[in-house]
There are 2 protein chains.
Amino acid sequence: MKQITKSVIKNSLKRIFLYRACIVRLKLMGVEKVFSYTLANETGVTSDQVRKDFSEFSIKGNKRGGYDINDLLEKMEKLFHRNKDNNIVLIGMGNMGLALSKYSKFVQRHMNIVATFDIDPFKQKMRSGIPVYSMSRLKEIIERFKVKVAILAVPEISAQEVVDELIRHGITGIVNFAPVLLKVPPDVIINNVNLCDELESVIYYVHKQMKVNGLKNLELLYRDMKY
Amino acid sequence: MKQITKSVIKNSLKRIFLYRACIVRLKLMGVEKVFSYTLANETGVTSDQVRKDFSEFSIKGNKRGGYDINDLLEKMEKLFHRNKDNNIVLIGMGNMGLALSKYSKFVQRHMNIVATFDIDPFKQKMRSGIPVYSMSRLKEIIERFKVKVAILAVPEISAQEVVDELIRHGITGIVNFAPVLLKVPPDVIINNVNLCDELESVIYYVHKQMKVNGLKNLELLYRDMKY
DNA sequence: GAAATGATGTGAAACAAATCACAAAAAGCG
DNA sequence: CGCTTTTTGTGATTTGTTTCACATCATTTC
Ligand SMILES: NC(=O)c1ccc[n+]([C@@H]2O[C@H](COP(=O)([O-])OP(=O)(O)OC[C@H]3O[C@@H](n4cnc5c(N)ncnc54)[C@H](O)[C@@H]3O)[C@@H](O)[C@H]2O)c1
Ligand SMILES: NC(=O)c1ccc[n+]([C@@H]2O[C@H](COP(=O)([O-])OP(=O)(O)OC[C@H]3O[C@@H](n4cnc5c(N)ncnc54)[C@H](O)[C@@H]3O)[C@@H](O)[C@H]2O)c1
């Protein structure tokens with residue numbers, strides 16, 4: 001029944017996000033249409049890749065005319081369900097939870113943290129505008145705001161029990177900051193963010209690179225890297 | 001000269017981190033040797049994959065005897081240069097920077113944030129044990145502690161200028177929290193952590209899953225996901 | 001309005017990653 | 001000691017992803 005669910009973000013989806021960030025910037029600059037090679041240059045991929053990715057997500061442009069920037073954005077918003085607001089809950093108002101609760105980009109992108117939760121009574125008061133509740137009110141809030149997605153920022157040791165509770169109340173998608181592999185049913189999406197691993201990976205590559213220093217062609221190093 | 005450098009973490013390396021976390025846990029439980037299928041079960045990959053990954057990083061076990069847990073850890077520490085301490089600097093002591101500076105797992109894993117930096121004079125005092133300096137002392141500190149890796153937690157708008165300065169002073173690896181693609185020379189490793197994208201990806205999959213609900217076989221959904 | 005041009009969109013080809021299958025080595029056992 | 005069992009390590013195969021190549025369409029030009 002319960003199984004380890006791996007982080008599940010396709011590379012093509014990640015690139016779509018890159019393109020969108022770029023498109024948003026171009027729009028602000030007043031640009032009205034954009035070509036696959038423009039996005040390619042800006043994001044460091046090839047123009048073929050851009051078109052293949054768009055093709056995968058059924059995004060179509062105009063032959064010769066490129067992509068109309070407003071149309072493109074509209075299609076993407078639809079793809080990512082950003083026309084409607086997405087209500088999120090955040091569990092664990094420690095260091096990380098507090099930082100995340102203050103992050104304004106989430107709201108800008110229509111992802112609203114409607115409530116945060118903590119077992120520590122000391123933390124159960126308004127902070128940074130978003131209410132902090134005790135865990136006993138989880139069910140009520142999730143139902144009231146029709147929340148499907150949660151951010152988990154509790155200690156490693158509590159992560160599994162909290163996830164179990166979230167799932168019982170109807171959460172089906174989780175961004176997990178605790179460095180543990182959570183066991184969840186197969187219909188629950190988990191995205192693990194492990195900052196230690198991110199840092200260590202960089203250290204690994206930095207050391208690796210220092211070893212091959214003196215090598216003329218750095219291509220060699222990049223060939224076996226993934227983006 | 002300067003080019004967009006993409007996040008560059010191989011899937012096999014990510015899995016190695018999973019295995020290690022698992023091995024550390026097993027060691028604490030007193031286990032002394034471990035088999036590829038044990039790690040596989042714990043991490044949700046196949047045992048073939050575990051062995052292939054080990055093979056890629058030249059980690060060898062004993063036929064029939066599996067892997068000696070201490071030997072395995074030692075080899076991994078060496079691989080990730082965790083026998084020696086790694087000195088890190090953190091730029092930007094805002095919400096995110098503050099949370100990161102308080103994160104004890106970094107130290108546990110021999111990654112020491114030796115100093116943090118901010119342009120805001122208000123933030124330039126001791127907090128959470130790690131000193132906060134003005135940007136003018138960047139060069140001095142980087143050189144004194146032989147720092148090669150930086151965590152970047154400054155606003156989007158300042159990210160590029162700060163990166164340029166970091167690189168000028170000898171930084172070659174960066175974990176970047178600002179949602180921008182930084183332009184850096186090809187020998188600098190960038191690892192972008194974009195939390196909005198992480199959240200949005202989950203929302204995307206949650207919605208997608210709700211659409212196919214009623215579908216018997218969830219395998220269909222998982223087939224085109226990547227871990 | 002036909003020809004040239006410049007872009008998309010997508011099968012085909014090349015490349016990369018994961019899985020399979022099995023030989024080889026080590027350990028246990030009669 | 002030789003037979004059986006168990007597990008690693010790695011070529012061979014399959015599956016997945018990216019790049020290539022070009023047909024197709026829209027626009028401009030003459
Ligand atoms: N601080 C960071 O920079 C950072 C970085 C990466 C990962 N993380 C991870 O994020 C998680 C939180 O880290 P942190 O530094 O904010 O820790 P923290 O100890 O500051 O905060 C944890 C919070 O969770 C609350 N909590 C504990 N058990 C709970 C439960 N059962 N239900 C609800 N709330 C509960 C605590 O009261 C506390 O407020 C940890 O798993 C940590 O490993 C933190
Ligand atoms: N807070 C979050 O949860 C969160 C989540 C994801 C990403 N981020 C990203 O991380 C970065 C920091 O976010 P934050 O919420 O901590 O912002 P913040 O505004 O709280 O902190 C930014 C800090 O950087 C300092 N700073 C500004 N310009 C600087 C410069 N040129 N040199 C040195 N320091 C400088 C500021 O004084 C401030 O202390 C942003 O790019 C943000 O998009 C934040």
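Because only heavy atoms are used, hydrogens play no part in the values below, and waters and symmetry mates are left out as well, while side chains stay in. Lettering of chains follows the sequences in order, A, B, ..., and the numbering in each one begins at 1.
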From CG of B:D53 across to C1' of D:dG9 the rounded distance in Å is 13 Å

Going by an N to O cut-off under 4.0 Å, is there a salt bridge joining B:R109 and A:D197? yes

N/O (side chain, A:S55) to phosphate O (OP1/OP2, C:dG9) under 4.0 Å: no

Does B:D164 pair with B:R168 as a salt bridge, N-O distance under 4.0 Å? no

Compare the minimum distances between each of C:dA7, C:dT10, D:dT10 and the side chain of A:K52, then state the nucleotide with the smallest one. C:dT10

Rounded distance (Å) that lies between atom C1' of D:dT17 and atom CZ of A:R51: 16 Å

To the nearest angstrom, the CZ-C1' distance between B:F35 and D:dT6 comes to 8 Å

Main-chain N/O of A:E198 paired to B:N191 side chain as donor or acceptor, under 3.5 Å: yes

B:R64 side chain, from C-beta outward: closest of D:dT28, D:dT5, C:dT8: D:dT5

Gap between atoms NZ and P, on B:K63 and C:dG28 respectively (whole Å): 17 Å

Please determine whether a side-chain nitrogen or oxygen atom of A:K60 lies at a distance below 4.0 Å from atom OP1 or OP2 of C:dT10. yes

Nearest to the side chain of B:Y67, heavy atoms from C-beta on, is which of D:dT8, C:dA12, C:dT19? D:dT8

Rounded off to whole Å, could you give me the CG-to-C1' distance for the B:D68 and C:dA26 pair? 15 Å

B:Y37 atom OH is separated from D:dT6 atom P, nearest whole Å, by 9 Å

Strictly below 4.0 Å, N to O, side chains only: are A:R20 and B:E200 in salt-bridge contact? yes

Base, sugar-phosphate alone, or nothing: which one does A:G65 contact when heavy atoms must sit under 4.0 Å apart? nothing

Could you point out which residue of A:Y37, A:F35, A:F54 forms a ring-ring contact (aromatic ring centres under 6.0 Å, His included) with A:Y67? A:F54

Heavy atoms only, 4.0 Å cut-off, all strands: where does A:N62 land among base, sugar-phosphate and nothing? sugar-phosphate

Just to be sure I understand the rule, does B:G66 reach a base, reach only the sugar-phosphate, or reach nothing, if contact means heavy atoms closer than 4.0 Å? sugar-phosphate

Roughly how many Å is it from CG in A:D48 to C1' in C:dT8, rounded to a whole number? 11 Å

Round to the nearest Å and state the distance from A:R15 atom CZ to D:dT17 atom P. 10 Å

Does B:S36 put a side-chain nitrogen or oxygen below 4.0 Å from OP1 or OP2 of D:dT7? no

